[in-house]
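Quick note on labels: first sequence line is chain A, next is B, and so on, each numbered from 1. Keep in mind the model is a prediction, meaning the values are calculated, not measured. Values below: every heavy atom of this structure, side chains too, minus hydrogens, waters and symmetry copies.
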Amino acid sequence: MKIVTWNINGIKARIGNLMVWLKDSQPDIVCLQEIKSVDDQFPRAEIEALGYNVETHGQKGFNGVAILSKYPFDEVNRGLPGENGDEQARFIEGVFSTEKGVLRVVSLYLPNGNPIGTEKFSYKLAWMARLEQWAVERLKLEEPLILAGDYNVIPEPIDAKNPAAWVNDALFQPESRQAFRRLCNLGFAEAVRAVTDAPDTYTFWDYQAGAWQKNNGIRIDFLLLSPEAANRFSSAAIEKHVRAWEKPSDHVPVAIDLALETA
DNA sequence: ATGGTAGACGATCTA
């Protein structure tokens with residue numbers, strides 16, 4: 001089963017690329033971030049015509065997440081629980097029945113947090129603390145669980161072409177990195193790092209200053225696998241070629257394969 | 001130190 005996360009940076013601007021990519025890449029489940037659309041303007045009919053079930057959690061102008069799935073949704077949960085709920089649309093969870101049992105998948109868009117020293121950065125850290133508490137509870141279920149999305153965190157220097165350029169950025173602050181490590185240390189495997197230590201495996205290249213042409217990228221899009229999911233994990237791939245398309249997102253799809261179907 | 005680009009929106013804000 002192929003599961004992919006992709007920050008598409010606007011569904012209205014990216015529906016053409018998304019349709020081409022879906023036909024080409026043939027994913028079973030897709031976690032989208034930054035749809036930048038309200039739910040009733042999301043182009044669900046086009047996507048449903050390819051055989052996907054579509055669930056969205058959008059808002060006007062910014063943020064917004066979605067899950068596309070060839071498997072029907074048994075359950076959908078919108079918003080990260082805790083405090084007074086999410087006023088920003090950054091979290092959606094789907095539950096599916098596979099041939100090997102239940103599968104839980106989350107599409108998340110973690111707050112950027114810039115500039116540091118502001119309420120935006122404290123909101124990011126608070127959101128990460130809430131995510132950790134949510135994960136503690138979900139891991140008790142001992143199910144295959146995938147937390148996929150744009151984490152807006154550069155975990156290690158190897159995850160940036162030029163780490164020195166990010167030292168004052170919210171994505172590379174010690175507090176952000178520590179919170180990401182705390183989440184992983186609950187027992188998740190980070191899929192791409194589980195199969196390679198190679199550098200230059202980035203998932204984001206800024207639109208500005210020729211970042212793509214210079215391969216000046218960062219790796220901030222991840223799939224975290226619970227032990228039950230990791231035990232069925234076979235491979236991961238960063239679909240980097242999509243960044244060279246016309247009108248690309250600044251992020252590319254990150255795909256994994258899980259053995260959750262009958263051979 | 002600045003500005004470089006992109007999307008949504010309708011003035012700027014977010015990234």
- Note on the structure: Only residue of A/Arg90, A/Lys36, A/Glu34, A/His57 satisfying side-chain hydrogen bond (donor to acceptor under 3.5 Å, both in side chains) with A/Asn63 is A/Arg90

- Item | Connected-component partners of A/Val102 among ILVMFWY, side-chain separation under 4.5 Å | A/Val95

- Query: What is the distance from CG of A/Asp206 to C1' of B/dG7, rounded to the nearest Å?
  - Reply: 13 Å

- Task: Could you note down all residue pairs passing side-chain hydrogen bond (donor to acceptor under 3.5 Å, both in side chains) where residues 165-175 of chain A supplies at least one of them, sequence neighbours left out?
- Result: A/Asn114-A/Asp169

- Query: How about A/Arg182: does its CZ atom have over 12 heavy atoms from other parts shown lying under 6.0 Å from it?
  - Reply: no

- Task: Kindly say whether A/Lys161 contributes a backbone atom to a donor-acceptor pair with the side chain of A/Tyr202 at under 3.5 angstrom?
- Result: yes

- Task: To the nearest Å, give me how far apart CZ (A/Phe121) and P (B/dT14) are.
- Result: 17 Å

- Query: If we take the C1' atom in both B/dA15 and B/dG4, what is their distance in whole Å?
  - Reply: 14 Å

- Residue A/Tyr109, side-chain heavy atoms: nucleotide from B/dC9, B/dA15, B/dA6 that is nearest: B/dA15

- Take atom P in B/dG3 and the same atom in B/dA8, then report the distance between them in whole Å. 25 Å

- List in numerical order all residues of residues 54-66 of chain A for which some heavy atom is under 4.0 Å away from an atom belonging to DNA chain B. A/Lys60, A/Gly61, A/Phe62

- Query: With sugar-phosphate meaning primed atoms plus P, OP1 and OP2, does A/Phe204 contact a base, only sugar-phosphate, or nothing at under 4.0 Å between heavy atoms?
  - Reply: nothing

- Message: In this structure, how many angstroms lie between the C1' atom of B/dA1 and the CD atom of A/Gln208, rounded?
- Response: 15 Å

- Output yes when at least one side-chain N/O atom of A/Lys36 is less than 4.0 Å from OP1 or OP2 of B/dC9, else no. no

